[in-house]
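Below is one structure, written out as C-alpha cells, with a few remarks after it.
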Amino acid sequence: MTRRIHLLMALISLALAVDKYVHMDLKGAPPRPDYFKKSLDLFSKLGAKGVVIEWEDMFPLTGILSSASHGNAYSKADVIGILEYANRVNLTVVPLVQTFGHAEWILKTALFEPLRENENYTNVFCIGNPATKDILSDLLSQVAQLHAAVTPMPFFHIGADEALIKPGQCPEDLEMMEELGTNDTKILVYHHLRTVAKLIQDEFPETKILAWFDEFKNADAQTLRDFELDQRLTPVVWKYNPSDLETYLPDSMWGNLSEAFSTAWGGSAFKGANGAAKIDNDIVPYMSNNQQWRIQLDLHSGKFNRSIEAVIVTGWQRYDHFTGLCELLPTSMTSLALSMDMLENGNVTTEDATSISSILSCPNSTTLVNLIAGNDTCKYEGYQVRDSIKEIVKYMKNFDDYTWIHNLENGWFGKTAQDRHYSSRYYMESLYGQYKKYFKNANRMKKDIINNFGAIYFSDTASEFLFDRVDSFTEKLSRGIEDMARIIGRRSFPVRPLF
Ligand SMILES: *[C@@H]1O[C@H](CO)[C@@H](O)[C@H](O)[C@H]1NC(C)=O
Ligand SMILES: *[C@@H]1O[C@H](CO)[C@@H](O)[C@H](O)[C@H]1NC(C)=O
Ligand SMILES: *[C@@H]1O[C@H](CO)[C@@H](O)[C@H](O)[C@H]1NC(C)=O
Ligand SMILES: *[C@@H]1O[C@H](CO)[C@@H](O)[C@H](O)[C@H]1NC(C)=O
Ligand SMILES: *[C@@H]1O[C@H](CO)[C@@H](O)[C@H](O)[C@H]1NC(C)=O
Ligand SMILES: *[C@@H]1O[C@H](CO)[C@@H](O)[C@H](O)[C@H]1NC(C)=O
Ligand SMILES: *[C@@H]1O[C@H](CO)[C@@H](O)[C@H](O)[C@H]1NC(C)=O
Ligand SMILES: *[C@@H]1O[C@H](CO)[C@@H](O)[C@H](O)[C@H]1NC(C)=O
C-alpha cells in the first residue's frame, strides 16, 4: 500500500502538462453575455486552453427548432460577441450539442414528441427515425456554422452520455436494425454516432468529434473500427467522484479504449456534481476529484498513442434539463481555480494561492487555507452573487439550528395551535418576535439576491432560485406570523375537547 502511494507521488511529481477545457453549461443560469465574457477572461487567466460551451436551449436557433428555444435565448449577435471574445482571450471553443440522450429540451415539447425512443420518456431520441436525423442535421449545422464563422472549430462535442432509455424500442429502430442486419442495439447506436459525426465532418472535415465515453466503455475495438469511430471520434472519459477513480475507471477499461482510440480526453468536475440540490460549493471534494484525475492521467496517458490530450473540467448548472439549479459559477470560481491547479500538478501550493489570489482579485491576506475553506473574500466578477447566496444559506441554517425557537414551536405552535389559533399568548409573543425578525431579514436578503443575480443573469434565474430554495422558508414564517397574530389578538379560548 505505501509502495503504491509512493509510486503515485512519484508520478504526480512527473506530471505532464494537459490541456484544460472549462465546461460552460447553459442549461441552467445562463449568464448575460457580459458576464459570460468576464468568466471567459477568468478561465483563460486560470490556465484554460479552451471552453466547452453546452448551449442547450440558449442557442439562437431558427426554423422549426426555434420552437424549443428558451425565451431568453442569446441573439446571433450575442453569440458572435461571446465567440469573438473567446478568440481574443485565446480560448479554443468547443461546441457541445447532445445528439442521443439528454435531449429533454427538444423531446419535452409536443412538436418533437414523435422523435422519442419511448413515447413516455423525454430523454432519448429514436435514433432509427429519419426525422431524428433531419432534426439533428439542422441543429448541428446551425451551431457548427455559426461557430466556424467566428472561431476555429478543431473539436465538436456530440454528448451521448446517459442514454438511459434502451434503444430498439421505437418502430423505426426496429426497421433500421433490420436494414443493418442486426439484432444488436449497440450496432444501431454506433451507426447513429457515425451518422452524427458525418453530419459535422462532411461539412467540416478537419473537426474532431468528441463524445462522452458511455457507449464505448465495454466496446470491442473491431466494432468501433467497423463504424470508423476510431478515426472519427475521441471518447471523453468522465467521472466526478472525489475518490477511488481507479476502481470506477479500471486499468482494463483504459487498455481497451487505447486499443481502439489513439487518444482520449478526461472529464472532471468543479461544480454541479456534489448533490443535485447543492447551492453552496464545498470545494474539497472537487479538489480531490481533480487530484484523482491527475493520477489517472499519469497512470494511463502512456497507453494511448497520442496520450490523453485534454481534460474537460465540467461545471454542471443542473443535473439535467428538469432538475433545479445546483452550485452556480460565482460560488465556484475558487473551486475552479484550485481544481485546475490540482489537475496540472496533483497538488496546490502556497504559490498557487498567491497566483489565484491575484487572478481572482482577493485581498492580499488571502491564504491557501481560506481558498480551500471557501471563506475567502475574493472580489472576482460575480462575487456579490456568491455573497448573497452564502448569506441566505447561512441565515436559513441559523434558523434551523436555533433550538430555543424549535422548542417553542414544538410545544406551543403545533398543528392545533396553528389551525385553531389556540395557544398561550405569553409564549406566542416571544416566538412572534423571532419570526418577524427572520422574515424581515430574509426578505432583505431576497432583495439582494434579485439585485445581485440581476446584474449577471436573466431575471428568471433569481426567481427560480428563490422559488426553489428560499420561498418555502419565508412562506412558513409569513403563515406563522399571521397565525400568531390571530392567537395574540384573542381574548378567550373554547373549553376542551377540541376534537
Ligand atoms: C493570446 O496569444 C497571443 C499569442 O500567443 C499573445 O500575444 C496574447 O497576449 C494572448 N492574449 C491573451 C489575452 O492571453
Ligand atoms: C407508455 O405508458 C402507457 C401507460 O401510461 C403504456 O400503456 C404504454 O405501453 C407505454 N409506452 C411504451 C412505449 O412503453
Ligand atoms: C434476429 O433475431 C431473430 C429472432 O431471434 C432471428 O430469427 C434472426 O436471425 C436474428 N437476426 C440477426 C441478423 O441476427
Ligand atoms: C476489456 O476487454 C476485454 C476483452 O474484450 C474484456 O474481457 C474486459 O471485460 C474489458 N474490460 C472492461 C473494463 O470493459
Ligand atoms: C498505435 O500505434 C501502433 C504502432 O504504430 C499501431 O499499430 C496501432 O494501431 C496504433 N493504435 C491506435 C489505436 O491508433
Ligand atoms: C500537498 O500540499 C500540501 C501543502 O500545500 C502538503 O501538506 C501535502 O503533503 C501535499 N500532498 C501531496 C500529495 O503532495
Ligand atoms: C497588502 O495590501 C496592503 C494594502 O493595500 C499593503 O499595505 C501591504 O503592503 C500588502 N501586503 C503585501 C504582503 O503585499
Ligand atoms: C476560514 O476557514 C479556516 C478553516 O476552517 C479557519 O481556520 C479560518 O479561521 C477561517 N477564516 C475566517 C476568516 O473565517
Side-chain angles (χ1 to χ4, degrees), residues 17 19-22 24 34-51 81-94 150-152 154 160-163 184-187 189-190 193-194 197 208-239 241 244-267 292 295-297 299-310 336-337 340 344 355-356 358-361 380-381:
D19 288 344
K20 298 179 286 295
Y21 284 73
V22 180
M24 194 66 153
D34 188 49
Y35 179 62
F36 201 137
K37 292 174 196 165
K38 286 170 173 162
S39 303
L40 293 179
D41 188 40
L42 289 178
F43 298 168
S44 170
K45 289 183 173 138
L46 291 171
K49 164 86 174 171
V51 60
I82 289 163
L83 297 177
E84 277 174 348
Y85 194 84
N87 278 342
R88 195 173 327 147
V89 295
N90 293 338
L91 291 174
T92 302
V93 184
V94 181
V150 184
T151 179
D161 59 323
E162 301 185 319
D184 183 355
T185 54
K186 204 80 197 175
I187 298 293
V189 170
Y190 288 172
L193 294 177
R194 178 176 58 184
K208 268 279 189 188
I209 305 299
L210 303 171
W212 300 119
F213 80 133
D214 302 42
E215 300 300 328
F216 314 120
K217 267 181 219 177
N218 309 307
D220 95 276
Q222 191 49 50
T223 317
L224 290 165
R225 274 180 222 122
D226 291 346
F227 285 88
E228 306 159 7
L229 296 179
D230 59 323
Q231 294 303 314
R232 291 185 179 274
L233 332 144
T234 297
V236 186
V237 177
W238 59 272
K239 204 79 215 172
N241 301 61
D244 302 322
L245 284 207
E246 69 280 8
T247 313
Y248 294 112
L249 305 174
D251 194 71
S252 82
M253 189 275 304
W254 286 109
N256 290 356
L257 278 184
S258 67
E259 241 177 73
F261 297 102
S262 59
T263 181
W265 284 28
Q292 290 268 312
I295 295 169
Q296 289 294 303
L297 296 175
L299 287 173
H300 304 299
S301 215
K303 293 187 168 71
F304 292 87
N305 282 2
R306 291 192 292 124
S307 80
I308 299 174
E309 285 177 340
L336 175 63
M340 301 269 270
E344 185 76 16
S355 123
I356 291 172
S358 134
I359 296 165
L360 296 185
S361 313
Y380 49 81
E381 289 296 335

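Note that ligands are numbered from 1 as they come in the structure, with each ligand's atoms numbered from 1 the same way.
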Do [X] and [Y] have side chains that get closer than 4.5 Å, going by heavy atoms?
X      : Y      : value
Phe261 : Thr234 : no
Glu309 : Asp19  : no
Tyr85  : Asp41  : yes
Leu224 : Phe216 : yes
Lys186 : Thr223 : no
Val89  : Phe43  : no

Just jot down the ligand 5 atoms closer than 4.0 angstrom to any heavy atom of [X], in number order.
X      : value
Ser258 : 13 (C)
Ser262 : 13 (C), 14 (O)
Ala260 : 13 (C)
Glu259 : 13 (C)
Phe261 : 13 (C)

(message) Can you confirm whether more than 12 heavy atoms, excluding those of Lys303, are under 6.0 Å from its NZ atom?
(response)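 Yes.
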
(request) Could you establish whether Asn218 and ligand 4 come within less than 4.0 Å of each other, counting only heavy atoms on the residue side? (result)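 True for this residue.
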
(message) Taking the six-membered ring of Phe213 as reference, does the cationic atom of Lys217 (NZ for Lys, CZ for Arg) lie under 6.0 Å from its centre and within 45° of its axis?
(response)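 Because its charged atom sits under 6.0 Å from the ring centre and within 45° of the axis, Lys217 does stack over Phe213.
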
(request) Tell me which protein heavy atom sits closest to atom 11 (N) of ligand 1, plus the residue, atom name and distance to 0.1 Å. (result)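 Going atom by atom, the protein heavy atom closest to atom 11 (N) of ligand 1 ends up being Asn90 ND2, 3.0 Å.
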
(request) Among all protein heavy atoms, pick out the one at the shortest distance from atom 5 (O) of ligand 5; state its residue, atom name and that distance to 0.1 Å. (result)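 That would be Asn305 ND2, 4.7 Å.
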
(request) Report yes or no: does Lys45 have a heavy atom closer than 4.0 Å to ligand 1? (result)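 Lys45: no contact with ligand 1 (<4.0 Å).
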
(message) By the definition side chain to side chain contact (heavy atoms under 4.5 Å, CB included), identify the one residue from Ile82, Leu83, Val150 that meets it with Val93.
(response)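 Among Ile82, Leu83, Val150, the one that satisfies the side chain to side chain contact (heavy atoms under 4.5 Å, CB included) with Val93 is Leu83.
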
(message) Please compare Asn256, Leu249, Leu257 and report which has the shortest non-hydrogen distance to atom 10 (C) of ligand 4.
(response)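 Closest candidate by heavy-atom distance is Asn256.
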
(message) Using a 4.0 Å cutoff against the non-hydrogen atoms of Lys217, which atoms of ligand 4 qualify?
(response)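 Near Lys217, the atoms of ligand 4 are 14 (O).
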
(message) List ligand 4 atoms under 4.0 Å from Met253, heavy atoms only on the residue side.
(response)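 Under 4.0 Å from Met253, ligand 4 has these atoms: 13 (C).
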
[atom] within contact range, any protein heavy atom under 4.0 Å:
atom                    : result
atom 2 (O) of ligand 4  : yes
atom 14 (O) of ligand 4 : yes
atom 7 (O) of ligand 4  : no

(message) Show, in sequence, the C-alpha distance, side-chain angles and deciding distance for Glu162 and Trp212, and conclude whether the side-chain hydrogen bond (donor to acceptor under 3.5 Å, both in side chains) test is met.
(response) CA-CA 9 Å; Glu162 301 185 319; Trp212 300 119; over 6 Å; no

